Undergrad: 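What follows is a single structure, and I will ask about it in a moment.
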Amino acid sequence: MKQPLESLLHATLTNLTGDLFPKAALPEGPLLERTRDLAHGDFATNVALVLAKRAGRQPRELARAIIAALPKSELISKVEIAGPGFINFSLAASAYHAELKTLLAAGAAYGRNQAGAGGHAMVEFVSANPTGPLHVGHGRGAAVGDCLCRLLTATGWAVTREFYYNDAGQQIDNLALSVQARCKRIEPGQPGWPKDGYRGEYIQDVANAYLARQTVHADGSSVTAGADADDLDAIRRFAVAYLRHEQDLDLRAFGVEFDVYYLESSLYTEGRVQQTVRALIEHGHTYEKDGALWLKTTDFGDDKDRVMRKSDGSYTYFLPDVAYHVSKWQRGYIRMINEQGADHHSTILRVRAGLQALEMGIPKGWPEYVLHQMVTVMRGGAEVKLSKRAGSYVTLRDLIDEVGRDATRYFLVARKADSQLTFDIDLARSQTNENPVYYIQYAHARIASVFRQLAEKGYTWNVKNGKANLAQLTQTHEQALLVNLSRFPEMLETAARNLEPHLMAQYLRELANDFHTYYDAHTFIVEDAALRDARLTLITAARQVLQNGLALLGVSAPESM
RNA sequence: GCGCCUGUAGCUCAGCUGGAUAGAGCACCGGCCUUCUAAGCCGGCGGUCGCAGGUUCGAGUCCUGCCAGGCGCGCCA
C-alpha cells in the first residue's frame, strides 16, 4: 500500500533534484509515514520541511512545488499542504479495495516480503544448560526467539534455529554430584551434600530414574542408566540426557522447535577450541601473565583484558564461546542473532572482540543480539525468586499448565524485550478479559461464528459479489478496518527489521479492537446481498490478518471460544 | 567506581525511521444484551512523558549532565 506511493514521491523528488535543491539534500530512508489522525489523510511526508533549509525556500512553498510536479495517480484522491509544510495524501477508496483483493488472494502469505532474499540467518535462543527444568526467563527467551524466527522467515530469510548447551564443565559436575548425593539419600544441607549442589526436588527424580535403570532419549541419542551410585561419569551422562529430554518436553508444550542442538563439548572434540587459541596467538592479540593466557580485548573496546586460558590449563567460558561463533560464521550465516538474557550482556563485547582478533573478515557488528530483561514472577502479591540453585523457581511448565500456552506466549512476547517484565501468575491465571490474548482470539472466533450463523440462516457468502461491491463499505468503522488491515505488511516489515515481535502483538490488539467496534456498531448478515457480501468480504480479510498475525506469535486462532 | 537496560495516567505498559491534539488495558464512575458469542461496545475520570540543559522549524523519541530502579563487572558459565 505504502510502497507505490513512496516510489511515486521518490521519483518526483528525483526529478526536482538540481532545480529546487541539491541531490545530496534528499533524505535517506522512508519518506512517507502513516498519519495518526484521519484528518491528515492516509500518508504524510515531511520532506518539504526537511529540505527547506537546504533549498533556501519556505517549506510550504517547496511543498507546493513538489505537489505541482507530482504526476496524476489513481491511488491518490487528495493532496494537501498542512501545518508548517506537511504534504498529506489521501488515498482513493479504490486503492483500499484493490489492497483488500490482494490480501484475499495472498491469504496466509499476505504481509510477507522477500527482504531477506533467501539469505541464511540463524537465531540462537534459549540455550539453557541441562541442569534443571526451564524457568520463566528461558520462557521469555523461547517466546521472543521463536517469534523472531517466524518474523525473519516471513520476510524472506532462510532461518536455522539453534540451541547451544554446555554438556561438560563445572555446572555439569555440580549436577552429577547432586544427583549422586540424591542417589545416596543425602539431602540438601546434610553432611556430604556437595557445595553449590542443585537443591531442587527434580534432582531426586533424576536420581530415582537413574537407580531404576531408565532409558532417556535426547538430541538424537539415548542413554540408559547404570544404577551405580559410584559411577559419577555414568550419572553425568544420564543426568544431562534426562534433563535435556525434560527441557524438550517443556519446549514442545510451548510450541517451540529447534533445528540444531549444539554441544559445547564438540568444540573440544573437534579441536575448534585449540584452533581458536592458536589463531588468536598467531594474530598477536594475546599475552601470558601470571601463568595464564590473556586476550587483549582492550584493543576492541573492553575495559580490561580477559583470561582465556587459566593457569591450570583449562579455558574460561568465553574461549569456547568464540570458537562456537567461528563455527557459526563458517556455516555461512549472513545474519546471526543471539537471543539471550540481559544478565549475559557482557559477553557481547567479548565475543565480538574475540572474533575481530581472529581477523577473519567478520563484520564488527556480527553477531547481532536481542537481549531480554529479567522476568519477575509474582504470586499471591509476593515476588517469587528465581534461583536455579535454590530450586524454588517458577518453571515454564508451571506457567503453561496454569495459564495455557497461548496466554503464556502472548504475555512473554507482548512487551519490549528491553523492559523488565512482571509476570503475575494470579492475573494471568484468571481467565478473564484482563488477558489480552483472549481479546484477539475472541475477534477471530467471532468472525468464524458469523459464518456459522450465516449458514444457519440459509445464506452463503458470494465472494465475487462481495469484491464487486466493496464500494458499499462507507461506514467509518469499515474504513478504519480497511486502513488498519492494509498496515499489516508494514507492521510485519518493521517488527522484523527492528527485531521487535512486541510490535506485532500490539498491532493485533488494535486490529481486534477495530473489529469488535465494527461488530457492535453494524450487523453483517443483512438482507441486502451486495452489502452483506461486501461486509463478509471485509471480515474475512480481518480473519485472515488475525490468523497471519497470531501465527507470527505462535498463538492459536480458535474458531470458537 | 565502570558498562548495559529501564524511568510515560493510581497500576501494567504501547508510542515504528524525530512530526501535527501523548495512546491502550486494568482500576474507578455512568450507559448498552427480544438482534451475527457482552471473553464485547460506547462515554467519563486520570499525564509538568524522572529532573535540568542542549540540538532542531519541531523532542516522549536525538545529545550532555544529574536522580532513581534492574542486571553485569571472576583464572564461574
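Proteins come first, then strands; the chains are lettered A, B, ... in the order of their sequence lines, and each starts at number 1. Just so you know, these numbers use all the heavy atoms, side chains as well, and skip hydrogens, waters and symmetry mates. None of these values were measured; they are calculated from a predicted model.
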Undergrad: Roughly, in whole Å, what's the span from CG in A/Leu49 to P in B/rG18?
TA: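 Atom CG in A/Leu49 sits about 14 Å away from atom P in B/rG18.
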Undergrad: Write down the distance between OH (A/Tyr369) and P (B/rG72), rounded to a whole number of angstrom.
TA: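 Taking atom P of B/rG72 as the reference, OH of A/Tyr369 is at 17 Å.
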Undergrad: Say we look at B/rC67 and B/rU21: how far apart would their P atoms be, to the nearest angstrom?
TA: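 The answer is 34 Å between these two P atoms.
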Undergrad: Measuring only the P atom in each nucleotide, how far is B/rG18 from B/rG1? A whole number of Å is fine.
TA: 33 Å
Undergrad: Taking a pair as Watson-Crick (N1 to N3 plus N6-O4 or O6-N4) or G-U wobble (N1-O2 and O6-N3), both under 3.5 Å, which stems of 3 or more consecutive pairs involve RNA chain B?
TA: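 Result, WC/G-U stems under 3.5 Å: B:1-7 with B:67-73, B:10-13 with B:23-26, B:28-32 with B:40-44, B:50-54 with B:62-66.
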Undergrad: Under 3.5 Å, side chain of A/Thr517 to main-chain N/O of A/Asn513, donor-acceptor pair present?
TA: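 Yes, A/Thr517 side chain to A/Asn513 backbone: donor-acceptor pair under 3.5 Å.
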Undergrad: Between A/Arg306 (side chain) and A/Trp294 (backbone), is there a donor-acceptor pair under 3.5 Å?
TA: no
Undergrad: Cut-off 3.5 Å, side chains only: do A/Thr131 and A/Asn129 have a donor facing an acceptor?
TA: no
Undergrad: Could you tell me whether A/His345 contacts a base, only the sugar-phosphate backbone, or nothing, with contacts defined as non-hydrogen atoms closer than 4.0 Å?
TA: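 Touches a base.
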Undergrad: Can you tell me if the side-chain N/O atoms of A/Arg36 get under 4.0 Å from OP1 or OP2 in B/rA20?
TA: yes
Undergrad: So, does A/Lys310 get its side chain near the phosphate of B/rC76, meaning an N or O under 4.0 Å from OP1 or OP2?
TA: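 For B/rC76, OP1/OP2 do have a side-chain N/O of A/Lys310 under 4.0 Å.
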Undergrad: Using a cut-off of strictly less than 4.0 Å, decide whether A/Arg446 has a side-chain nitrogen or oxygen near OP1 or OP2 of B/rA38.
TA: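 The answer is yes; a side-chain N or O of A/Arg446 sits under 4.0 Å from OP1 or OP2.
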Undergrad: Between B/rC29 and B/rA22, how many Å separate the two C1' atoms, rounded to a whole number?
TA: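 24 Å, rounded to whole Å.
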Undergrad: What is the separation between atom CG on A/Leu295 and atom C1' on B/rC75, rounded to the nearest whole Å?
TA: 14 Å
Undergrad: Which part of the nucleic acid, if any, lies within reach of A/Thr523 when heavy atoms closer than 4.0 Å are counted: base, sugar-phosphate only, or nothing?
TA: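 It contacts base atoms.
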Undergrad: Quick check on B/rA20: is either OP1 or OP2 less than 4.0 Å from any side-chain nitrogen or oxygen of A/Asn88?
TA: no
Undergrad: Between B/rA20, B/rU21, B/rC71, which nucleotide has the shortest distance from any of its atoms to the side chain of A/Asp37?
TA: B/rU21
Undergrad: Under 4.0 Å from OP1 or OP2 of B/rA38: is there any side-chain N or O of A/His516 that close?
TA: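 So the side chain of A/His516 is outside the cut-off, no N or O lying under 4.0 Å from OP1 or OP2 of B/rA38.
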Undergrad: In whole angstroms, how far is the P atom of B/rC13 from the OH atom of A/Tyr439?
TA: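 Whole-Å distance recorded here is 21 Å.
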Undergrad: Tell me what A/Ala39 touches on the nucleic acid: a base, only sugar-phosphate, or nothing, going by heavy atoms under 4.0 Å.
TA: nothing
Undergrad: Hey, does the side chain of A/Thr494 come within less than 4.0 Å of B/rC16's phosphate (OP1/OP2), counting only N and O?
TA: no
Undergrad: Should the ring pair A/Trp461 and A/Phe451 be called parallel, tilted or perpendicular, given that the plane angle runs from 0 to 90° and is split at 30 and 60?
TA: perpendicular
Undergrad: With a 3.5 Å cut-off and just heavy-atom distances, do the side chain of A/Asn46 and the base of B/rG19 make a donor-acceptor pair?
TA: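 It does, because a donor-acceptor pair links the side chain of A/Asn46 to the base of B/rG19 below 3.5 Å.
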Undergrad: Using the side chain to side chain contact (heavy atoms under 4.5 Å, CB included) definition, which of the options A/Ile87, A/Leu9, A/Val50, A/Asn46 pairs with A/Leu31?
TA: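 Passing option: A/Leu9.
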Undergrad: Hey, does the side chain of A/Gln441 reach the backbone of A/Ser556 with a donor-acceptor pair shorter than 3.5 angstrom?
TA: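 Judged by distance alone, yes, a pair lies under 3.5 Å.
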Undergrad: Could you tell me the separation between the CZ atom of A/Arg509 and the P atom of B/rG15, rounded to a whole number of Å?
TA: 15 Å
Undergrad: Roughly, in whole Å, what's the span from NZ in A/Lys289 to P in B/rG74?
TA: 13 Å
Undergrad: For A/His344 and B/rG72, say yes or no: do the ring centres fall under 5.5 Å of each other while the ring planes differ by less than 30°?
TA: no
Undergrad: Could you check whether A/Thr347 gets within reach of a base, just the sugar-phosphate, or nothing at all, counting any heavy atom under 4.0 Å?
TA: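 Contact class for A/Thr347: none.
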Undergrad: Does a side-chain N or O from A/Ser419 land closer than 4.0 Å to OP1 or OP2 of B/rA14, or not?
TA: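 Indeed, a polar side-chain atom of A/Ser419 lies that close.
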Undergrad: Please work out if A/Tyr519 contacts a base, only the sugar-phosphate, or nothing of the nucleic acid, heavy-atom cut-off 4.0 Å.
TA: base
Undergrad: Send over the distance from A/Met491 CE to B/rC16 P, rounded to a whole Å.
TA: 10 Å
Undergrad: Need one value for A/Glu264: base, sugar-phosphate or nothing, where a base atom within 4.0 Å counts as base even if backbone is also close, heavy atoms only.
TA: sugar-phosphate
Undergrad: Expressed in whole Å, how much space separates the P atoms belonging to B/rA68 and B/rG50?
TA: 16 Å
Undergrad: Base, sugar-phosphate, or nothing: which does A/Gln506 touch, judged by heavy atoms less than 4.0 Å apart?
TA: sugar-phosphate
Undergrad: Working to the nearest 0.5 angstrom, can you tell me the gap between A/His344 NE2 and A/Ile348 CD1?
TA: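 Between A/His344 NE2 and A/Ile348 CD1, I get 11.0 Å after rounding to 0.5 Å.
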Undergrad: Does A/Ala495 reach a base, just sugar-phosphate, or nothing at all? Heavy atoms under 4.0 Å.
TA: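 Touches nothing.
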Undergrad: On a whole-Å scale, what distance lies between the P atoms belonging to B/rG30 and B/rU48?
TA: 26 Å
Undergrad: Check whether the aromatic ring of A/Phe86 stacks on the base of B/rA20, taking stacking as ring centres less than 5.5 Å apart and planes within 30° of each other.
TA: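 Stacking between A/Phe86 and B/rA20: present.
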Undergrad: Checking understanding here: a glycosidic angle within 90° of 0 is syn, the rest anti, so what is B/rC33?
TA: syn
Undergrad: Base, sugar-phosphate, or nothing for A/Asp424, non-hydrogen atoms under 4.0 angstrom?
TA: nothing
Undergrad: Please pick, from B/rG15, B/rG19, B/rC71, the nucleotide with the shortest atom-to-atom distance to any side-chain atom of A/Lys416.
TA: B/rG15
Undergrad: So, is A/Tyr442 near the phosphate of B/rA39, with a side-chain N or O under 4.0 Å from OP1 or OP2?
TA: yes
Undergrad: Both A/Ala82 and A/Asp418 contact RNA chain B. Taking the nearest nucleotide for each, which residue is further toward the 5' end?
TA: A/Asp418
Undergrad: At under 4.0 Å between heavy atoms, what does A/Arg452 touch on the DNA or RNA strands: base, sugar-phosphate, or nothing?
TA: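 Counting heavy atoms under 4.0 Å across all strands, the contact made by A/Arg452 includes a base.
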Undergrad: Counting side-chain heavy atoms from C-beta on, which of B/rG40, B/rG19, B/rC76 comes nearest to A/Gln171?
TA: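 Comparing B/rG40, B/rG19, B/rC76 against the side chain of A/Gln171, the answer is B/rC76.
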Undergrad: What distance, rounded to whole Å, do you find between the two C1' atoms, one in B/rU64 and one in B/rC28?
TA: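 It works out to 42 Å between them.
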Undergrad: Do A/Thr298 and A/Asp305 have side-chain N/O donor and acceptor atoms under 3.5 Å apart?
TA: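 A/Thr298 vs A/Asp305: donor-acceptor pair found between side chains.
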Undergrad: Check whether any side-chain N or O of A/Lys304 sits under 4.0 Å from OP1 or OP2 of B/rG74, and answer yes or no.
TA: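 Yes.
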Undergrad: For A/Asp312, answer base if it contacts any base atom (sugar-phosphate contacts may also be present), sugar-phosphate if it contacts only those atoms, and nothing otherwise; contact means non-hydrogen atoms under 4.0 Å.
TA: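 Nothing, no nucleic acid heavy atom in range.
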Undergrad: For A/Leu319 and B/rG74, what is the distance between atoms CG and P respectively, to the nearest whole Å?
TA: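 Those two atoms, CG and P, are 18 Å apart.
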Undergrad: Side chains of A/Gln247 and A/Arg244 only: does a donor on one sit below 3.5 Å from an acceptor on the other?
TA: yes
Undergrad: Is NZ or CZ of A/Arg352 both nearer than 6.0 Å to the six-membered ring centre of A/Phe300 and within 45° of the ring axis?
TA: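 Here A/Arg352 fails the 6.0 Å and 45° test against A/Phe300.
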Undergrad: Select base, sugar-phosphate, or nothing to describe what A/Ala445 touches, counting heavy atoms under 4.0 Å on all strands.
TA: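 Since a base atom lies under 4.0 Å of A/Ala445, the category is base.
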Undergrad: Taking the minimum atom-to-atom distance to the side chain of A/Trp294, which one of B/rC75, B/rA24, B/rG19 wins?
TA: B/rC75
Undergrad: Where the side chain of A/Asp303 is defined as all heavy atoms beyond and including C-beta, which of B/rG70, B/rC2, B/rG25 is the nearest nucleotide?
TA: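 Comparing B/rG70, B/rC2, B/rG25 against the side chain of A/Asp303, the answer is B/rC2.
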Undergrad: State whether the distance check finds a donor on one side and an acceptor on the other, under 3.5 Å, for side chain A/Thr517 versus base B/rC41.
TA: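 Per atom types, no contact qualifies.
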Undergrad: Remember a base hit wins even if backbone is also touched, and classify A/His372 as base, sugar-phosphate or nothing at under 4.0 Å, heavy atoms.
TA: nothing
Undergrad: Keeping the roles fixed (side chain from A/His135, backbone from A/Val394), state whether a donor-acceptor pair exists under 3.5 Å.
TA: no
Undergrad: Please compare A/Asn166 and A/Met561 by the position of their nearest nucleotide in RNA chain B and report the one closer to 5'.
TA: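 That would be A/Met561.
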Undergrad: Would you mind checking if A/Glu500 and A/Lys416 are paired as a salt bridge, meaning a charged N to carboxylate O distance below 4.0 Å?
TA: no
